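Counting convention: from 1, in listed order, for ligands and their atoms alike. Keep in mind that this is a model prediction, so the values were computed, not measured. Each residue takes its place number in the sequence, starting with 1.
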Amino acid sequence: MTARLLVATTNVGKQREFRRLLAQLPAELVMPEDIGLELEVPEPHATYAENAAAKAVAYCRASGLLAVADDSGIEVAALDWGPGVRSARWGSGSGNQADQLIEKLRDVGDRRARMECALAVATPGEPGPAVEIFEGTVEGSIALERRGRGGFGYDPIFLVPGGHTAAELPESDKDRISHRGRAVMAATPRLLELLGH
Ligand code: IMP
């Protein structure tokens, strides 16, 4: 019987990427909605790793399945390397976050930025799930205007080495260099082990 691996996110952009990134694993990928799981997991922590662990553990505990979750964010030099772990909540709350970030940096020369991802793998067990963390980073900069239709979130304004935004890249190119792609690559040997290979 194929082992099941729960992708512990309801973010559609992340789900699409995880479906691609985890496709080669000997596992049936399961999304929370596939098993009727609706969880609200707070993300109050100061690090990506702690937030990712909280999500993976909550979903693993609720489902009894091996679970992966990520917490990610964008870090901008001109914002003292913020908003970082608070990226999902950054901005005024109304309007697109990528557009707001472009506006905020309108007259700023130093446009260095990076995207960070912590991927938590939670394994069912007693007295509770065991969790391991894998990380990935991609260095880049903030574009002067949005470009590209792919990806999600900050992708249309995040320039990667080579001059394209992450939203302009073919999906396989984003996966190869992205913070999430790199974190999944780092986790893959362990996931294979956990899946019995
Ligand atoms: P969280 O990991 O769910 O807390 O979301 C982090 C924030 O970073 C959200 O605003 C996402 O839209 C954004 N984000 C996460 N990953 C990516 C990515 O791969 N590209 C662009 N934006 C991202």
S.K.: Any carboxylate oxygen within less than 4.0 angstrom of a Lys/Arg side-chain nitrogen, looking at Asp175 and Arg180?
M.R.: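 Answer for the salt bridge query: no.
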
S.K.: For atom 16 (N) of ligand 1, what is the closest protein heavy atom, and at what distance to 0.1 Å?
M.R.: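 The protein heavy atom lying closest is Arg180 NH2, 2.8 Å.
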
S.K.: Going by the closest heavy atom to atom 10 (O) of ligand 1, which one wins out of Met115, Gln97, His179?
M.R.: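 Among Met115, Gln97, His179, the closest heavy atom to atom 10 (O) of ligand 1 comes from Gln97.
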
S.K.: Salt-bridged, Arg106 to Glu103, with N to O below 4.0 Å?
M.R.: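 Yes, Arg106 and Glu103 are salt-bridged.
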
S.K.: Of the protein's non-hydrogen atoms, which lies at the shortest distance from atom 12 (O) of ligand 1, and what is that distance?
M.R.: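 Going by distance alone, atom 12 (O) of ligand 1 is nearest to Gly153 CA, 3.5 Å.
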
S.K.: In the protein, what heavy atom is nearest to atom 15 (C) of ligand 1, and what distance, to one decimal place, separates them?
M.R.: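 Of the protein heavy atoms, Ser72 OG, 3.1 Å lies nearest.
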
S.K.: Do me a favour and list the nearest non-hydrogen protein atom to atom 11 (C) of ligand 1 with residue, atom name and distance?
M.R.: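 Here the closest protein heavy atom is Phe152 CE1, 4.3 Å.
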
S.K.: Please list the nearest protein heavy atom to atom 1 (P) of ligand 1 with its residue and the distance rounded to 0.1 Å.
M.R.: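 Here the nearest protein heavy atom works out to Lys14 NZ, 3.4 Å.
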
S.K.: Are Thr137 and Arg182 close enough that a side-chain donor and a side-chain acceptor fall under 3.5 Å?
M.R.: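 No, no side-chain donor-acceptor contact under 3.5 Å.
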
S.K.: Is Tyr154 close to ligand 1, meaning an N/O of one under 3.5 Å from an N/O of the other?
M.R.: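 Yes; the residue has a nitrogen or oxygen that sits under 3.5 Å from a nitrogen or oxygen of the ligand.
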
S.K.: With only distance considered, is Glu17 within less than 3.5 Å of ligand 1 through an N or O on each side?
M.R.: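 The answer is no, given that Glu17 and ligand 1 share no N or O pair closer than 3.5 Å.
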
S.K.: Applying a heavy-atom cut-off of 4.0 Å, say which part of Tyr48 lies close to ligand 1: side chain, backbone, both or neither.
M.R.: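 It is neither part, as no heavy atom is under 4.0 Å.
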
S.K.: Which residue supplies the protein heavy atom nearest to atom 20 (N) of ligand 1, what is that atom called, and how far is it?
M.R.: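 Going atom by atom, the protein heavy atom closest to atom 20 (N) of ligand 1 ends up being Asp155 OD1, 2.6 Å.
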
S.K.: With a cut-off of 4.0 Å, which atoms of ligand 1 are near a heavy atom of Glu43?
M.R.: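 Answer, ordered by atom number: 4 (O).
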
S.K.: Which residue in the set Thr2, Val184, Thr188 passes side chain to side chain contact (heavy atoms under 4.5 Å, CB included) when paired with Leu25?
M.R.: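 Among Thr2, Val184, Thr188, the one that satisfies the side chain to side chain contact (heavy atoms under 4.5 Å, CB included) with Leu25 is Thr188.
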
S.K.: Does ligand 1 have a heavy atom under 4.0 Å from the side chain of Lys174, from its backbone, from both, or from neither?
M.R.: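 Side chain only.
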
S.K.: For a 4.5 angstrom cut-off between non-hydrogen side-chain atoms, does Leu144 reach Ile102?
M.R.: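 Answer no - side chains too far apart.
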
S.K.: Take a 6.0 Å sphere around CD of Glu38 and say whether it holds more than 12 heavy atoms from other residues, nucleotides or ligands.
M.R.: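 Count not over threshold, so no.
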
S.K.: Compare Asn11, Thr10, Asn51, Asp71 and give the one whose heavy atom is closest to atom 4 (O) of ligand 1.
M.R.: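 The residue whose heavy atom sits nearest atom 4 (O) of ligand 1 is Asp71.
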
S.K.: Between Glu17 and Arg19, does at least one N-O distance fall below 4.0 Å, as a salt bridge requires?
M.R.: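 Here Glu17 does not pair with Arg19 in a salt bridge, since their nearest N and O are not under 4.0 Å apart.
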
S.K.: Please check if atom CZ in Arg149 has more than 12 non-hydrogen atoms from other residues, nucleotides or ligands closer than 6.0 Å.
M.R.: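 Open.
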
S.K.: Transitively linked via ILVMFWY side-chain contacts under 4.5 Å: Leu119 with Leu22?
M.R.: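 Cluster IDs for Leu119 and Leu22 match.
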
S.K.: Starting from atom 9 (C) of ligand 1, locate the nearest protein heavy atom and write down its residue, its atom name and how far away it is, to 0.1 Å.
M.R.: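 Scanning the protein heavy atoms, the shortest distance from atom 9 (C) of ligand 1 goes to Ala88 CA, 3.8 Å.
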
